[in-house]
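In what follows, a single structure is set out as structure tokens and then discussed.
Bear in mind the structure is a predicted one, so any value in this text is a computation, not a measurement. Both counts, for ligands and for their atoms, begin at 1 and track the order of listing.
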Amino acid sequence: MIQFQNVSKYFNQGTPIVKALDLTINKGEFFILIGPSGSGKTTTLKMINRLIDLSEGTLLINGKKISDYDIHELRWNIGYVLQQIALFPHMTIAENIAIVPEMKKWDKEKIDERVNELMKLVGLEPNIYGQRKPRELSGGQQQRIGVIRALAADPEIIIMDEPFSALDPISREKLQDDILTLQKTIKKTIVFVTHDMQEALKLGDRIAIMKDGEIVQVGTPDELVYHPANDFVSSFIGKTEPMLRIADFDLELLLSQPESLTPIGVGMETLSVNSSLERTLQVLFEHEQISIERDGEIIGVLHRQTMLQYVLNELRMRVGNVNE
Ligand code: ADP
Ligand code: MG
């Protein structure tokens, strides 16, 4: 848990950049900071791992003041992903991922295992990509490495500063899907800065909208879209259509048992049980039914009709809530 209590930041006695911030980010939450350029998002983020020192107030992680932590421990235990891809060009991909585990003096075997596990998690085969240099990967692949590098030493908190904003729209969407799927497995506390409302609504459990160093509103995507606190929030959300988003979407609950279990790749389109709602819908758009796998084993079949019924029920409940 991260708590900002009356936290302010100013440089050289100038006007505050962040003003008396009160904010609690819960453990395991995917938390978004969004706002126009210059509103104080990066400053707020960097105070968490003390890349910037706060001027006033108290910032606690798990109930302990950040100034009471050893600064190296603090930094190692907070994964950090930057907007510009920041891999070391002369090191291999595997070496890049291993940086923090090396600093933490993990043994070699454990590091190798961890690197392989993480690369597989984002669909980059370690035997193919591990020994390559960053420049031999596409921008999207490099940023995927940036994300798993931040996860490498299993930090409890990950902070990300516009991590996908330099990517083309397709890589960007793919990485957004990846991070959502990843979050289902890793359940970290993620603080994610963006200036893209569509991205915020898609990824965030909760979103804080910042303006001139202050938080204008904090809420779930639905709260912001359906109950904006003021005109600034409304105009910031603008014409963005809320994504169809179901917080506790669990594919497994929708599965039927297949009549016969076919091996993966035979006959039917296959999806992972951790797939996002969006990706599942995309695939069902083209296929009447798909098989669902976990760890390489088919665990059931999902029918388009089942999915439609589920989504319609969710929407009906939501409309009910909004009218209350
Ligand atoms: P955002 O990430 O929302 O674009 P920042 O947190 O980077 O905003 O910056 C907020 C404001 O603080 C900006 O007006 C910026 O110019 C100012 N600022 C950032 N860093 C410094 C610094 N080291 N010294 C003085 N002003 C700064
Ligand atoms: Mg910034």
Side-chain angles (χ1 to χ4, degrees), residues 2-25 29-59 61 66-67 71 74-75 78-87 139 142-143 146-147 149-150 157-169 171-172 175-176 179 189-204 206-219 221 224 228-238 240:
I2 306 167
Q3 288 165 287
F4 289 83
Q5 296 174 342
N6 205 23
V7 170
S8 296
K9 175 67 194 179
Y10 37 83
F11 293 98
N12 313 319
Q13 309 300 319
T15 48
I17 305 295
V18 173
K19 299 171 191 158
L21 198 68
D22 277 308
L23 176 68
T24 297
I25 300 169
E29 190 166 39
F30 201 133
F31 194 89
I32 308 269
L33 283 173
I34 190 169
S37 175
S39 55
K41 305 181 296 292
T42 295
T43 307
T44 302
L45 200 69
K46 285 184 171 172
M47 286 193 286
I48 298 174
N49 68 354
R50 289 179 57 191
L51 283 176
I52 293 181
D53 279 316
L54 51 82
S55 310
E56 273 167 22
T58 311
L59 215 170
I61 293 181
I66 53 168
S67 50
I71 190 151
L74 184 82
R75 297 245 171 97
I78 300 178
Y80 186 30
V81 187
L82 294 149
Q83 171 182 2
Q84 67 279 24
I85 293 159
L87 301 179
Q142 288 185 45
Q143 195 56 317
V147 171
R149 181 175 64 176
I157 295 169
I158 299 153
I159 60 179
M160 302 191 169
D161 198 349
E162 310 208 17
F164 307 147
S165 60
L167 301 175
D168 64 274
S171 310
R172 182 176 185 147
L175 259 87
Q176 291 169 347
I179 189 92
T189 307
I190 300 179
V191 190
F192 186 108
V193 166
T194 181
H195 58 251
D196 175 350
M197 194 39 113
Q198 193 74 51
E199 182 164 88
L201 293 172
K202 175 172 174 179
L203 299 178
R206 283 194 306 151
I207 300 168
I209 301 193
M210 289 190 77
K211 178 176 185 266
D212 301 334
E214 291 178 300
I215 290 184
V216 186
Q217 186 174 5
V218 187
L224 296 187
N230 57 29
D231 289 348
F232 176 76
V233 176
S234 309
S235 68
F236 204 73
I237 290 175
T240 311

Original post:
Checking S8 side chain against A20 main chain: does a donor-acceptor pair fall under 3.5 Å?
Top reply: yes
**OP:** For the Mg ion (ligand 2), decide whether S37 has an N, O or S atom at a distance under 2.8 Å.
**Re:** no
**OP:** Give the minimum heavy-atom separation between L224 and Q217, together with the two atoms involved.
**Re:** CD2-CD, 3.3 Å
**OP:** For F164, enumerate each residue passing the ring pair (Phe, Tyr, Trp, His ring centres under 6.0 Å) test, keeping only those at least two apart in sequence or located in another chain.
**Re:** F192
Subject >> Set of residues that line ligand 1, where lining means a heavy atom lies under 4.0 Å from it >> reply: F11, I17, P36, S37, G38, S39, G40, K41, T42, T43
**OP:** Report the residues that fulfil side-chain hydrogen bond (donor to acceptor under 3.5 Å, both in side chains) with E199, sequence neighbours left out, ordered by chain and then residue number.
**Re:** R172, Q176, T194
Original post:
Any donor and acceptor pair, going by atom type alone, linking the side chain of N12 with main-chain N or O of G14 inside 3.5 Å?
Top reply: no
**OP:** Under the salt bridge (charged side-chain N to carboxylate O under 4.0 Å, His left out) rule, collect the residues that match up with D22, sequence neighbours excluded.
**Re:** none
